[in-house]
Amino acid sequence: MNPPIDPVALVTGASSGLGRGLARSLAGEGYAVALVARRESLLDHLAAEILDGGGRVGVFPADVSERRQVRRAAQDAEAQLGPIDLLIANAGIHVRSPDLRVMADDVEATFAVNVLGAVYAVEAVLPGMLERGRGHLVCVSSLAAYGGLPGSAAYSASKAALTSYFEALRIELRTSGIDVTVLSPGFVRTPLTAQNAARRPFILECDDAVDRMVRAILDRRRAHSFPWPLATLVRVGRLLPRFLYDAVLSARR
Ligand SMILES: NC(=O)c1ccc[n+]([C@@H]2O[C@H](COP(=O)([O-])OP(=O)(O)OC[C@H]3O[C@@H](n4cnc5c(N)ncnc54)[C@H](OP(=O)(O)O)[C@@H]3O)[C@@H](O)[C@H]2O)c1
C-alpha cells in the first residue's frame with residue numbers, strides 16, 4: 001500500500017466558527033485534517049461531512065488549555081493521519097470583564113486557551129517539523145492585538161501575547177524551513193461575536209473571512225490583518241497620542 005501523500009493540517013477550535021470553516025476549506029484544498037476541540041459531537045458531524053466529500057479526516061477531542069491533552073491529540077493525529085505539516089492554532093474564547101474586581105479570573109481563563117493553548121500545540125508539533133525541516137505554524141490572532149480594548153482587557157492582552165509569541169517564532173525559525181503566519185481578523189460573524197453586544201464595524205461573514213485566511217495560509221504569508229479599513233484604523237490608532245486613543249475607545253463602549 002502506498003503511504004498517503006496529502007499534507008496533514010491540525011486545526012484547533014474546529015467545532016465552530018472560523019476553525020470549522022478553515023478545516024472544511026483545507027480539506028477541499030487536499031489536506032488531511034485533524035479536528036481538535038472539546039465538543040466531540042460537533043467534530044464528528046464535521047468529520048462526516050468531510051468524509052462524504054472524499055477527504056481524509058480524524059477527530060481528536062481535547063481541551064487545549066490542558067498540555068497533556070494537546071500532546072496526546074497531536075500524537076494520535078500523527079499516528080492516524082501522518083506527520084503534521086500545518087498547525088492552525090485557532091481555538092479561542094472571549095470573556096467580557098464588566099467587573100474589574102474579578103478580572104484576574106477572566107485573564108487566567110482567557111490566557112489558558114488563547115495563549116497557552118497555542119503554545120502547547122506548537123510544542124506538540126514543532127519537534128517533528130524541525131526533524132523534517134519543513135512545516136507551517138499559523139495562529140488566529142485578532143486586530144484586538146493592536147491595542148487594549150475596554151471591556152475586553154483579557155482578550156486584547158491575550159491576542160497581543162499570541163501575536164508576539166508567533167512573531168518571535170517566525171524570526172527564530174527563519175532558516176529552519178518552517179513558515180509562520182499570524183492571521184489577525186477584525187470582526188467576523190461567529191458564535192463568539194454573537195455573545196458580544198459591542199459595536200462591530202466592518203463585520204465579515206464567516207465564509208468570507210475563512211476564504212481570506214485560507215488564501216493567506218496557502219500563500220504562506222508572514223501576516224495578514226483584515227479587513228483593510230479596520231486594519232488601517234487600528235494601525236493608525238497605535239500612532240495617535242494616548243489621550244486621543246483613550247477618547248476614541250471610550251466613545252466606542
Ligand atoms: N469572530 C471574530 O470576530 C474573531 C475576530 C478575530 C479573531 N477571532 C479568533 O478566531 C478564533 C475562532 O473564533 P470564532 O469566532 O470562530 O469563535 P467560536 O465559533 O466560538 O469558536 C471557538 C472555537 O474554539 C474552541 N475552544 C474554545 N475553548 C477551547 C478549549 N478550552 N479547548 C479546545 N477548544 C476550545 C471551541 O470549541 P469547543 O467549545 O468545542 O472546545 C470552538 O471550536 C478565536 O481564536 C478568536 O479569538 C475571532
Side-chain angles (χ1 to χ4, degrees), residues 10-25 33-47 59-74 87-96 106 108-121 124 138-147 149 152 154-163 165-166 181-210 212-214 216-217 223-227 230-231 234:
L10 184 145
V11 182
T12 71
S15 60
S16 165
L18 291 168
R20 182 174 201 283
L22 287 168
R24 203 165 34 181
S25 289
V33 280
L35 309 177
V36 176
R38 292 165 303 177
R39 286 172 291 173
E40 191 170 355
S41 58
L42 294 181
L43 297 181
D44 285 340
H45 199 263
L46 175 59
V59 167
F60 308 96
D63 181 334
V64 296
S65 67
E66 296 289 336
R67 191 172 180 177
R68 269 191 303 220
Q69 290 189 28
V70 177
R71 189 175 305 157
R72 166 61 66 86
L87 166 69
I88 315 274
N90 162 80
I93 56 171
H94 181 283
V95 183
R96 279 192 82 76
D106 297 338
E108 254 179 32
T110 305
F111 271 63
V113 177
N114 295 10
V115 183
L116 290 176
V119 172
Y120 299 154
V138 177
C139 75
V140 181
S141 187
S142 166
L143 291 182
Y146 283 77
L149 299 176
S152 299
Y155 184 75
S156 48
S158 76
K159 292 299 184 181
L162 181 66
T163 293
Y165 181 73
F166 272 71
T181 300
V182 177
L183 299 172
S184 302
F187 297 104
V188 183
R189 217 179 293 283
T190 68
L192 183 138
T193 42
Q195 32 123 338
N196 180 352
R199 284 185 53 222
R200 292 162 293 175
F202 304 106
I203 191 162
L204 297 174
E205 296 306 322
C206 190
D207 287 348
D208 182 2
V210 166
R212 294 168 192 240
M213 292 160 86
V214 168
I217 292 166
H224 185 40
S225 299
F226 64 94
L230 195 57
V234 295

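As the structure lists them, so they are numbered: ligands from 1, and atoms in each ligand from 1.
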Do Ser141 side-chain atoms and Leu162 backbone N/O form a donor-acceptor pair below 3.5 Å?
no
State the atoms of ligand 1, each with its element, that fall below the 4.0 Å cut-off from a heavy-atom position in Asn90.
10 (O), 11 (C), 12 (C), 44 (C), 45 (O)
Part of Lys159 with heavy atoms under 4.0 Å of ligand 1, whether side chain, backbone, both or neither
side chain
Hey, are the side chains of Ser16 and Arg39 touching, using non-hydrogen atoms and a 4.5 Å cut-off?
yes
Can you confirm, on distance only, whether ligand 1 has an N/O atom lying under 3.5 Å from any N/O atom belonging to Gly13?
yes
Looking at Gly13, is its backbone amide N or carbonyl O close enough to the side chain of Asn90 to form a donor-acceptor pair, meaning the two atoms are under 3.5 Å apart?
yes
Contact partition for Leu192 relative to ligand 1, non-hydrogen atoms under 4.0 Å
both
Tell me, please: is Gly117 in heavy-atom contact with ligand 1, that is, under 4.0 Å?
no
For Ala62, atoms of ligand 1 separated by under 4.0 Å from a heavy atom
32 (N), 33 (C)
Using modelled atom types and a 3.5 Å cut-off, is there a donor and acceptor pairing between side-chain atoms of Gln69 and backbone atoms of Asp63?
yes
Using heavy-atom distances, let me know which of Asp63, Leu143, Thr12 sits nearest atom 31 (N) of ligand 1.
Asp63
Taking Lys159 for the side chain and Gly147 for the main chain, is one N or O donor matched with an acceptor at less than 3.5 Å?
no
Is Ser156 reaching over with its side chain to a backbone N or O of Leu149, donor-acceptor style, under 3.5 angstrom?
yes
If you measure every N or O of Ile93 against every N or O of ligand 1, does any of those distances drop under 3.5 Å?
no
What is the nearest protein non-hydrogen atom to atom 43 (O) of ligand 1, stated with its residue, atom name and distance?
Ser15 OG, 2.7 Å
Quick one, Tyr155 and Asn114 - any side-chain contact, counting heavy atoms below 4.5 Å?
yes
Could you find the nearest protein heavy atom to atom 22 (C) of ligand 1 and give me its residue, atom name and distance?
Gly92 O, 3.6 Å
Does Arg212 reach the main-chain N or O of Phe226 with its side chain, forming a donor-acceptor pair under 3.5 Å?
no
Which residue owns the protein heavy atom closest to atom 3 (O) of ligand 1, what's the atom, and how far is it?
Val188 N, 2.7 Å
Between Ser25 and Val214, what is the shortest heavy-atom contact and its length?
CB-CG2, 3.7 Å
Please work out, at 4.0 Å between heavy atoms, whether the side chain, the backbone, both, or neither of Ala144 comes within that distance of ligand 1.
neither
For atom 32 (N) of ligand 1, the closest protein heavy atom turns out to be Val64 N, 2.9 Å
N or O contact, Asn114 vs ligand 1, cut-off under 3.5 Å:
no
Looking only at distance, does Leu18 have an N or O less than 3.5 Å from an N or O of ligand 1?
yes
Donor-acceptor pair, Ser184 side chain versus Leu143 backbone, under 3.5 Å?
no
Keeping Thr163 on the side-chain end and Ala160 on the backbone end, is there a donor-acceptor pair under 3.5 Å?
no
Among all protein heavy atoms, pick the one closest to atom 30 (C) of ligand 1 and tell me residue, atom and distance.
Arg38 NE, 3.5 Å
How far is atom 47 (O) of ligand 1 from the closest protein heavy atom, and which atom is that?
Tyr155 OH, 2.6 Å
Please write down residue, atom name and distance for the protein heavy atom closest to atom 35 (C) of ligand 1.
Ala91 CB, 3.8 Å
Looking at ligand 1, would Glu66 count as a contact under a 4.0 Å heavy-atom criterion?
no
Phe187: numbered ligand 1 atoms lying under 4.0 Å from its heavy atoms:
3 (O)
side-chain contact (heavy atoms from CB on, under 4.5 Å) evaluation trace for Arg96 with Ser152:
CA-CA 6 Å; Arg96 279 192 82 76; Ser152 299; 3.7 Å; yes
Nearest-neighbour protein heavy atom for atom 15 (O) of ligand 1, which is reported as residue plus atom name and distance
Thr190 OG1, 2.6 Å
Ligand 1 contact by Ala209, heavy-atom criterion under 4.0 angstrom
no
Donor-acceptor check, side chain of Thr193 to backbone of Val188, threshold 3.5 angstrom: yes or no?
yes
Identify which of Gly186, Pro185, Ser142 has a heavy atom lying nearest to atom 5 (C) of ligand 1.
Gly186
Heavy-atom nearest neighbour of atom 18 (P) of ligand 1 within options Gly17, Ser16, Cys206:
Ser16
Any side-chain heavy-atom pair of Leu46 and Val33 under 4.5 Å
no
Report yes if some N/O of Thr193 lies less than 3.5 Å from some N/O of ligand 1; otherwise report no.
no
